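A quick note: this is a predicted structure, and the numbers were derived from the prediction, not measured. In listed order, ligands and their atoms are each counted from 1.
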Amino acid sequence: MIQLDYRNVTSEVIGSENGLELQSEFAAYADRIKSIIANLNSKKDKPEQWLQWMNLGYNEETVWYVKEYAAMVQGRFDNILVLGIGGSALGGMAVCEALLKPYWNMLTPEQRNNAPRIFFLDNIDPDQINALLDSIDLTKTLVNVITKSGSTAETMSQFMIVKDRLEKAMGDDYRQNIVATTDRATGVLRQIAGEEGYKTFVVPDDVGGRFSVFSAVGLLPFALVGIDIDDIVQGVKDMDLALKNTDINENIAAQNALIHYLMDTKKGKNLSVMMPYSSRLKYVSDWYVQLWAESLGKEFNNKGEKVNVGPTPIKALGATDQHSQIQLYNEGPNNKVITFVRVGEFDTTLDIPRIFEYTGIGYLGGKTVNDLINAEADATRVALTDYRRPNVTITLPKVNGYSVGQLLYMLEVQTAIAGELYDINTFNQPGVEQAKNYTYALMGRAGYEESANSIKSKMHTNI
Ligand code: PA5
């Protein structure tokens with residue numbers, strides 16, 4: 001199982017001004033945490049609670065259908081093109097980057113075991129979209145369009161472009177190159193898929209986008225590129241069983257949620273840095289940033305009081321960002337909690353040859369890059385601790401489906417528990433909806449005319 005080390009947030013290690021009296025805090029919050037965990041687990045099967053993501057480790061039916069479809073299309077496509085944004089893309093990107101061989105799309109078919117390349121379009125930069133569509137053969141591409149609402153402007157505009165090009169290239173056969181993942185019943189994409197006869201998968205009811213990575217939203221693209229989804233789901237399930245433990249001393253998601261909550265509310269440290277020391281885990285930070293920001297950044301609490309809460313998540317990458325952000329983290333405002341993610345054993349051991357004896361670099365020869373990245377992670381952790389900056393470390397024994405499943409699920413539960421501590425609705429996103437509605441208005445969607453006029457009057461540009 002993955003491990004959490006929280007020693008460097010305690011007052012014993014970083015002093016009482018910045019550190020927490022963690023054992024007494026754990027004792028003080030034991031009952032509250034117990035009831036939060038029990039409550040989440042007792043509500044998870046009820047409709048409208050948005051907790052169905054807690055059941056995704058047990059969704060054997062989806063796993064079966066995903067594997068069946070992936071086996072059916074195996075060998076037919078050179079590329080998978082995922083169209084989606086936010087929660088419909090970030091989990092897929094994070095897991096593919098972690099579990100596929102690095103530089104996957106540059107490998108030969110043999111090196112990829114004849115599995116397809118995979119591309120995620122999660123933005124609407126016209127140059128980027130055009131360049132990608134011009135550089136892949138769409139007739140040999142399976143397009144997985146993912147949107148829970150079925151109407152997100154970014155995703156649906158991409159889809160309209162891709163569908164048009166596919167149809168022009170393939171005639172009526174283009175349908176075989178599309179698979180849609182969307183709500184079971186509602187939304188425009190569901191309607192189009194029904195009318196056009198696309199193969200579809202479901203974003204389950206009561207699973208929000210940012211909690212959907214272990215539904216067909218993530219599992220389908222993973223299976224299509226040959227990732228073993230059973231391993232991932234097993235990691236989710238085992239972590240879920242571990243996190244059912246209502247004792248804070250035994251529950252790493254509750255511990256990290258409480259640490260972040262107390263650091264924010266008692267110590268004024270409301271920035272949460274996610275810093276894996278593994279390039280393969282780089283996009284886990286992007287996924288975490290969305291999960292934490294959209295879930296915890298809220299204007300009102302559950303009592304309807306205006307609170308404007310939410311720790312700001314920041315992504316960083318070790319060792320790269322030692323040469324970018326660490327100066328600030330060590331010496332700037334002491335307002336952050338840093339989460340390191342470490343890898344126990346890399347797949348590769350890479351020797352540094354003894355080819356130079358110069359004083360400044362000779363010591364590197366004969367060591368491994370593994371030694372170097374681990375030394376840098378240790379050095380950064382000790383330096384931050386010396387500067388009395390709170391930091392925790394999550395360790396994955398290896399980067400594989402089992403541990404990545406555990407990590408992401410643990411962070412989801414941590415987010416849900418933190419939301420309860422802040423007493424806010426973790427699962428809505430009114431701020432995102434507002435921006436979506438403003439876009440619809442500016443793009444001339446029917447029903448948004450009044451809003452369009454008001455927005456235009458506030459714009460000070462004609463772009
Ligand atoms: O987490 C969320 O709910 C959001 O980030 C959504 O995933 C994002 O806005 C995309 O929405 P949809 O899947 O409806 O296209």
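The T152 neighbourhood of ligand 1 comprises atoms 11 (O), 12 (P), 14 (O), 15 (O), with distances under 4.0 Å to a heavy atom of that residue. Heavy-atom contacts of Q429 reach the following atoms of ligand 1: 3 (O) (cutoff under 4.0 Å). With ligand atoms numbered from 1 in the order given, ligand 1 contributes 1 (O), 2 (C), 4 (C), 5 (O) to contacts under 4.0 Å with heavy atoms of Q290. For ligand 1, the atoms lying closer than 4.0 Å to a non-hydrogen atom of R210 are 1 (O), 2 (C), 3 (O). Close approach of ligand 1 to I85 (heavy-atom distance below 4.0 Å) involves ligand atoms 7 (O), 8 (C), 10 (C).
Checked against the 6.0 Å centroid threshold, Y422 and Y261 count as a close aromatic pair. Remark: aromatic rings of F211 and Y409 are distant, center separation not under 6.0 Å.
For the 3.5 Å distance criterion, the side chains of K298 and N425 fail to qualify, holding no donor opposite an acceptor. Residues Y402 and D238 bring a donor and an acceptor atom of their side chains to less than 3.5 Å of each other. At a cut-off of 3.5 Å, with distance as the only test, no side-chain donor of Y288 or E412 sits close to an acceptor on the other residue.
Counting protein heavy atoms only, atom 4 (C) of ligand 1 is closest to E294 OE1, 3.5 Å. Protein heavy atom in closest approach to atom 7 (O) of ligand 1: G87 N, 2.9 Å. From the protein, the heavy atom lying nearest to atom 9 (O) of ligand 1 is K436 NZ, 3.2 Å.
Heavy atoms of other residues, nucleotides or ligands lying less than 6.0 angstrom from CD of E48 number 12 at most.
Taking the charged nitrogens against the carboxylate oxygens, D183 and R190 have no contact shorter than 4.0 Å, which rules out a salt bridge.
Below 3.5 Å of separation, one finds an N or O of K148 facing an N or O of ligand 1.
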